[in-house]
Amino acid sequence: MATTFRQLLYILTVVLLSAAATGCTPENDIEGIFVGRTWKLSYFCTVDGDDWKHDVKPLMTQEEMKSVNTAGKYQITFHDGTFSGIAYDTTFSGRWEAEGDSYDFKLTITESSGQEQDETGRKFLDCLKKARYYLGDYNSVKIFYDEKKNFLLFRPLD
């Protein structure tokens with residue numbers, strides 16, 4: 001009986017370790033980061049140093065800060081392969097895709113309504129259209145639009 005218990009314990013241990021070894025980290029859990037989540041723009045930023053993952057410097061004027069801090073604006077909600085969002089006075093939607101291992105990211109805006117009157121709103125939309133990479137977890141997401149140099153920093157709303 002002791003041998004059977006040890007064999008069962010060994011098998012259970014191997015299964016649990018295998019599951020842990022193949023599990024996602026928060027940085028490449030595409031579904032957990034994006035699907036069903038709404039993100040609010042916090043800053044336009046740049047990488048200020050050699051480390052695209054950690055060296056961060058905000059790039060915003062006072063006018064941009066005022067515009068971005070408007071409630072209900074500069075948001076994007078991700079669904080399974082699609083998204084919807086709002087700049088300042090333009091709503092938009094489309095398709096998105098991401099690759100967890102390479103951090104590749106792409107947004108394709110297929111519909112938009114409204115003529116964006118806000119300069120910051122136009123900049124926000126332009127940056128989303130140029131998105132190439134993402135970096136993030138469940139607490140913040142950076143969407144890079146300039147070869148891992150300039151990015152939009154988002155915080156979760158949900």
message = Among K123, K129, R122, K130, exactly one meets side chain to side chain donor-acceptor pair (under 3.5 Å) together with D126. Which residue is that?
response = K130

remark   = dist F151:CZ -> L59:CG (nearest 0.5 Å) comes out at 8.5 Å

ask   = Where do T38 and Q75 come nearest, in terms of heavy atoms and distance?
value = CG2-NE2, 4.1 Å

ask   = Of all heavy-atom pairs between D137 and N139, which one has the smallest distance, and what is that distance?
value = OD1-N, 2.8 Å

ask   = Just wondering, do F154 and L41 contact through their side chains at under 4.5 Å, heavy atoms?
value = yes

message = Can you give me the closest heavy-atom contact between R155 and W39, atom names plus distance?
response = C-CE3, 3.2 Å

4.5 Å side-chain heavy-atom contact, N150 and F44 = no

note = Taken to the nearest 0.5 Å, the spacing of N69 CG from S42 OG works out to 8.5 Å

task = Find out if a path of hydrophobic residues (ILVMFWY) with successive side-chain heavy-atom gaps under 4.5 Å connects V35 to Y138.
result = yes

message = So for atom OH, which belongs to Y43, do other residues, nucleotides or ligands contribute more than 12 heavy atoms lying within a distance under 6.0 Å?
response = no

query = If only atom types and distance count, is the side chain of K149 paired as donor or acceptor with the main-chain N or O of V47 below 3.5 Å?
reply = yes

ask   = Looking only at atom types and distance, does a side-chain atom of Y74 sit under 3.5 Å from a main-chain N or O of G121, one as donor and one as acceptor?
value = yes

request  = Could you check if a side-chain atom of W96 sits within less than 4.5 angstrom of a side-chain atom of H79, using non-hydrogen atoms only?
outcome  = no

query = Which heavy atom in L152 sits nearest to a heavy atom in C127, and how many Å separate them?
reply = CD1-CB, 3.8 Å

key: Non-hydrogen atoms of S112 and T90 that approach each other most closely   = CB-CG2, 4.1 Å

ask   = Parallel, tilted or perpendicular: which describes the rings of F78 and F83, with under 30° parallel and over 60° perpendicular?
value = tilted

query = Which distance, rounded to the nearest 0.5 Å, do you find between the CE of M60 and the OG of S67?
reply = 8.0 Å

inquiry  = For the residue pair T91 / S113, report whether a side-chain donor-acceptor contact shorter than 3.5 Å exists.
reply    = yes

key: Residue E99 excluded, over 12 heavy atoms near CD under 6.0 Å   = yes

key: Same apolar cluster (I L V M F W Y, side chains within < 4.5 Å links), L128/I86   = no

request  = Mark yes when over 12 heavy atoms from residues, nucleotides or ligands other than K106 sit less than 6.0 Å from its NZ; otherwise mark no.
outcome  = no

request  = Would you confirm whether K73, through its side chain, and K40, through its main-chain N or O, come within 3.5 Å as a donor-acceptor pair?
outcome  = no

key: Aromatic contact, Y134 with F34 (centres under 6.0 Å)   = yes

task = Output the distance between atom OG1 (T61) and atom NZ (K66), rounded to the nearest 0.5 Å.
result = 11.0 Å

ask   = Between the side chain of D89 and the main-chain N/O of G114, is any donor-acceptor distance below 3.5 Å?
value = no

request  = Kindly compute the distance separating CG (L135) from CD1 (I33), expressed to the nearest 0.5 Å.
outcome  = 8.5 Å

note = Taking every heavy atom of Y88 against every heavy atom of E116, the minimum-distance pair comes out as CB-OE2, 3.0 Å

Flag side-chain contact, heavy atom, 4.5 Å: I76 against I143 = no

Value rounded to 0.5 Å, distance of CZ in F105 from CD in E97 = 9.5 Å

